[in-house]
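One structure is given below, encoded as structure tokens.
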Amino acid sequence: MNAYNRLPTSGNSSPSSPPSSPLSRSPRYRHRGSKSGRPPPKTLAQRLAWIVLSVLLKRQGIFLFAPLLYIAGMLFYMGTVSFDVVPVIKHRPAPGSVYRSPQLYAKLRPEMDSDNSSADAISTIWKNSYKGGEWRPCIKKASEGLPEPNVYIFVEANGGLNQQRTSICNAVAVAGYLNATLVIPNFHYHSIWRDPSKFGEIYDEDFFIKTLQNDVRVVKTVPAYIMERFDYNLSNVYNFRVRAWASIKYYSDTVLPKLLEEKIIRLSPFANRLSFDAPPAVQRLRCLTNYQSLRFANPISTLSETLVARMKEHSANNSGKYISVHLRFEEDMVAFSCCIYDGGEQEKLDMDAARERGWKGKFTKRGKVIRPGAIRLNGKCPLTPLEVGLMLRGMGFDRTTSIYLASGRIYDSERYMAPLLEMFPLLQTKEMLASVEELAPFQNYSSRMAALDYTVCLHSEVFVTTQGGNFPQFLIGHRRYLYGGHSRTIRPDKRKLAILFDNPNIGWKSFKRQMLNIRAHSDLKGIELKRRNDSIYSYPCPDCMCKVVNKSEDLKSL
């Protein structure tokens, strides 16, 4: 008799059949086979891949360490690579950020020299000079005398020739507004200009006092009875340090009470200490001082007139008309700009030495970042003589044009001036026009030399400014005052020039078209009226000039 079987059957009723293998019933085992029922891979590569995949599926936590494994692998790889063979990526400088003008000159020169299409630029340049009417000087003078003086103002002007001129005009305006007597201004000795000249050695002192006699009382010295209180030493006089660009109301509210108390005060330093925005009474005194009372001293004016006459003789082929260029390419200007040209290591040594000499430590401060390319793109690099020549030739001035070059000592002049002289062989400077004996009294006085340049530029048909500053700003205004309200000045767009001078593909015709556009823009901007915060020294209309619609009208300057 057979025993009763208590175990469940697997479907096989034969008691003699062996039990089924547990693996055959395992779901994990059944999953190994593909749905298609294909057998496992047979080749070695397939079997290895199959094993790796199986391990990953069984141990999914390994994915958490995958980033670490990747980084470790990369570090291991980098450790086996020599850095000497790693390629260096060089970025091309931005267009216009590098000085490439010599290459452009070499490319354009053949077409430039063979171009005979230029009209007489010096005679046809001004098209908008009298558009919309004409402006004439109309500064009113006081007709009555002044009361006896009881308070005195003594100013100490700093800076170069034209910064000092600003101080003189502002000092006259402040003294007149406060009903004070002005003592002839004293000039500070400037570390850059290095000119010890006194007021009377640059300006006609007696003419200055006489012209202002009914508007502002001016004296050469302070009366002895006042100086006695200060042991006859002006340095003992109370110095009122006025904030920059102070309003005229500040003077009446803050300075005047102290002036009435002390009877005399010093204002030092006195550069840019009066805002451009001022009431008509103040502006009138500024106009009167700048355009009528400030006349150069006789030695300067005599030689200046001689230089103007000689320039007109050299320009006989253009009816005595010449153009003047204010070129700022002196060593200190190039150094201060921090621009890089094509002088290589020697230029770097020269500029580093000049910067340390003139501005000790200013450019080597910790954290100071200087980007010469960005400076050039921003139009802040001084134009080289070559660039000025290219620009003027593009504007239509040719080899027969007479040029007066106003400048200090050009940096590396023999090399940098050569291409400009090639383009304009009739170029003259004060050193070329005057003899050594004639220049001797001015040679070591930068302000007096600048005064010579100022006068010759003032009477030129065209004035070209290349860098900005007080010298061109005063000339622009003075030329407007002389030429019916039109500045007759070319002010180039230096940002645009930086791009054009760096364009290796530009042709002469295209370059010339761009230069003529710049010239036309300067002509159009020649007549500009003063806005609220503009300087009357650059914009004399309408504070110092009156508009005459009918040109036959007889306008008298009162």
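Only this structure's heavy atoms are used, side chains among them; waters, hydrogens and symmetry mates stay out.
- Counting only distance, with no hydrogens or angles, the side chain of Lys494 and the backbone of Cys381 share a donor-acceptor pair below 3.5 Å.
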Next on the checklist: Working note: Ser301 + Arg295, criterion side chain to side chain donor-acceptor pair (under 3.5 Å); need CA distance, chi angles, decisive distance, verdict.
Outcome noted: CA-CA 8 Å; Ser301 61; Arg295 187 172 73 182; over 6 Å; no

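- With ring centers used as reference points, Phe329 lies under 6.0 Å from Tyr341.
- Side-chain rings of Phe363 and Phe336 approach one another, their centers coming within less than 6.0 Å.
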Checklist entry - Hey, mind stepping through His486 and Asp523 against side chain to side chain donor-acceptor pair (under 3.5 Å) and telling me if it holds? => result CA-CA 8 Å; His486 191 279; Asp523 182 21; 3.1 Å; yes

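- The stretch residues 279-334 participates, sequence neighbours left out, in these disulfide bond (SG atoms under 2.5 Å apart) pairs: Cys287-Cys544.
- For the residue pair Asp350 / Tyr411, a side-chain donor-acceptor distance below 3.5 Å is found, with atom types taken as modelled.
- A donor-acceptor pair shorter than 3.5 Å cannot be found between the side chains of His314 and Tyr404.
- Less than 6.0 angstrom separates the ring centroid of Phe276 from the ring centroid of Trp245.
- A donor-acceptor pair under 3.5 Å links the side-chain atoms of Asn239 to the main chain of Ser268, judged by distance alone.
- No side-chain donor-acceptor contact under 3.5 Å links Asn158 to the backbone of Phe187.
- Remark: Arg165 is positioned above the aromatic ring of Tyr454, its terminal NZ or CZ atom under 6.0 angstrom from the ring centre and at most 45 degrees off the axis.
- A side chain to side chain donor-acceptor pair (under 3.5 Å) with Arg284 holds for exactly one of Asp543, Asp215, Thr289; it is Asp215.
- Residue-environment remark: NZ (Lys258) exceeds the threshold of 12 foreign heavy atoms within 6.0 Å.
- The aromatic ring centres of Tyr203 and Phe208 sit 6.0 Å or more apart.
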Checklist entry - Given Arg495 and Asn378, is the side chain to side chain donor-acceptor pair (under 3.5 Å) satisfied, shown in steps? => result CA-CA 6 Å; Arg495 293 178 181 175; Asn378 201 29; 2.9 Å; yes

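- Among residues two or more places apart in sequence or in another chain, the side-chain hydrogen bond (donor to acceptor under 3.5 Å, both in side chains) test is passed with Glu205 by none.
- With Arg310 contributing its side chain and Leu433 its backbone, the two residues share a donor-acceptor pair below 3.5 Å.
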Next on the checklist: What verdict does the ring pair (Phe, Tyr, Trp, His ring centres under 6.0 Å) test give for Tyr177 and Tyr251, after you've listed the backbone C-alpha separation in whole Å, the side-chain angles of each residue and the deciding distance to 0.1 Å?
Outcome noted: CA-CA 9 Å; Tyr177 192 79; Tyr251 284 92; 8.8 Å; no

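- When only modelled atom types and interatomic distance are considered, Asp277 and Ser275 share no side-chain donor-acceptor pair under 3.5 Å.
- Within a 6.0 Å sphere centred on CZ of Arg371, heavy atoms belonging to other residues, nucleotides or ligands number 12 at most.
- Formation of a donor-acceptor pair under 3.5 Å by the Arg286 side chain with backbone atoms of Ile536 is not found in this model.
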